[in-house]
Amino acid sequence: MSGSVILPRDFYDRDPLVVAPQLLNKVLVVRGGPDELVRVSGRIVEVEAYRGLDDEAAHTHRGPTPRTATMFGPPGHLYVYFSYGMHWCANAVTSSAGVGDAVLVRALEPIEGVDMMFERRSAAGRTRDLCSGPAKLCQALSISGALDGVDLTEEASPVVIVDDGVGVVSEPQQTTRIGLSKSVELPWRWMVPGNRHVSR
DNA sequence: ACCGGGATGTTCT
DNA sequence: GAACATCCCGGTG
């Protein structure tokens with residue numbers, strides 16, 4: 001798309017506390033996949049940072065496991081994990097390879113493929129129900145474990161994150177993270193202030 | 001509006 | 001066994 005630029009590797013190769021708020025207003029795009037010729041996308045309006053070294057809630061905090069191989073890998077890749085026995089959640093790996101940091105994408109404002117999103121998410125009654133949660137957006141965009149490890153910085157990738165020229169959020173809303181029992185005090189969740197598509 | 005519980009399977013103690 | 005980076009549905013006020 002003209003005017004849209006794929007975020008480069010350098011963007012991700014930094015501390016997730018820096019990357020996370022800068023991912024707000026960027027656009028997550030999924031193309032191809034199970035439904036050929038379909039392109040769906042949404043603007044990132046809510047994120048959380050996970051930092052393996054000092055964050056007890058991070059999957060990587062207790063060292064490498066088979067599940068977290070991608071999160072310990074190089075930055076700029078998609079880390080997808082299976083949650084509560086039925087949901088998928090998607091992260092962008094940050095920091096350098098071997099560190100184990102990532103940013104969880106928690107909510108999108110739908111842009112392209114809204115009809116397809118409603119088909120995939122029969123429970124959604126309103127547009128703001130389509131992508132207002134980390135597992136909801138994976139369902140709407142058809143992101144599953146098959147896409148774990150995808151390079152987000154390659155033009156040919158089925159999943160990319162692009163900058164479409166909308167600026168960074170000047171004063172992101174910052175709170176503690178959602179749904180955790182460990183490291184609950186860390187204020188590592190950021191949102192676009194006033195956006196209707198954030199999670200509850 | 002809020003609250004409680006069930007679904008469902010991988011990972012870790 | 002218990003915990004888990006969740007969601008949905010049905011209760012009640």
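Below, chain A is the first sequence line, B the second, and so on; all start at residue 1.
- No side-chain heavy atom of A:Q22 sits less than 4.5 Å from a side-chain heavy atom of A:L7.
- Whole-Å rounding puts the A:E56 CD to C:dC4 C1' distance at 15 Å.
- Between the CD1 atom of A:I178 and the P atom of C:dT6 there is a distance of 8 Å, given to the nearest Å.
- For the segment residues 58-75 of chain A, residues with any heavy atom less than 4.0 angstrom from an atom of DNA chain B are, sorted by number, A:R62, A:T65, A:R67.
- Comparing atom distances between the A:K182 side chain and each of C:dT6, C:dC4, B:dA7 picks out C:dC4 as nearest.
- Proximity of A:S181 to the phosphate of C:dC4: a side-chain N or O atom is located under 4.0 Å from OP1 or OP2.
- By the neighbour-count criterion of 12 heavy atoms within 6.0 Å, atom CD of A:E171 is sparsely surrounded, having that number or fewer from other residues, nucleotides or ligands.
- Looking only at side-chain heavy atoms (C-beta outward), A:Y81 and A:N91 come within less than 4.5 Å of each other.
- Nucleotide B:dG6 forms a pair with C:dC7, judged by Watson-Crick or G-U wobble geometry with both contacts under 3.5 Å.
- Taking CZ from A:R43 and CG from A:L24, the interatomic distance works out to 11.0 Å, rounded to the nearest 0.5 Å.
- The backbone N or O of A:P75 sits less than 3.5 Å from a side-chain atom of A:R9, completing a donor-acceptor pair.
- Nucleotide C:dC4 holds its C1' atom 14 Å from the CG atom of A:L104, rounded to whole Å.
- Taking atom CD on A:Q139 and atom C1' on B:dA7, their separation rounds to 14 Å, with Å as the unit.
- Look at A:Y50 and the base of C:dA5; the rings stack, centres closer than 5.5 Å and planes less than 30° apart.
- The nucleotide whose nearest atom lies closest to any side-chain atom of A:K136 is, among C:dC4, C:dA5, C:dC7, C:dC7.
- Within the 4.0 Å cut-off from OP1 or OP2 of C:dC8, at least one side-chain nitrogen or oxygen of A:R121 is found.
- Counting to the nearest Å, the P atom of C:dA5 and the CH2 atom of A:W88 are 15 Å from each other.
- Comparing C:dA5, B:dT8, C:dC7 by their nearest atom to the side chain of A:M86 picks out B:dT8.
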Next item on the list: Begin with the C-alpha distance, continue with both residues' side-chain angles, and end with the deciding distance and a verdict on side chain to side chain contact (heavy atoms under 4.5 Å, CB included) for A:V114 and A:L130.
Entry: CA-CA 8 Å; A:V114 173; A:L130 291 174; 4.0 Å; yes
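- Here, B:dC3 and C:dA5 have their C1' atoms 22 Å apart, quoted to the whole Å.
- A donor-acceptor contact under 3.5 angstrom links the side-chain atoms of A:Y81 to the base of C:dA5.
- Partner A:Y79 forms a side-chain contact (heavy atoms from CB on, under 4.5 Å) with one of A:V150, A:V93, A:L147 and no other, that one being A:V93.
- Here A:R200 does not reach the OP1 or OP2 of C:dT6: none of its side-chain N or O atoms lies under 4.0 Å away.
- Backbone-only engagement by A:A123 is indicated by non-hydrogen atom pairs under 4.0 Å involving sugar-phosphate atoms exclusively.
- Note: CZ (A:R120) to P (C:dC7) measures 17 Å, nearest angstrom.
- To the nearest angstrom, P of B:dT10 lies 15 Å from CG of A:D148.
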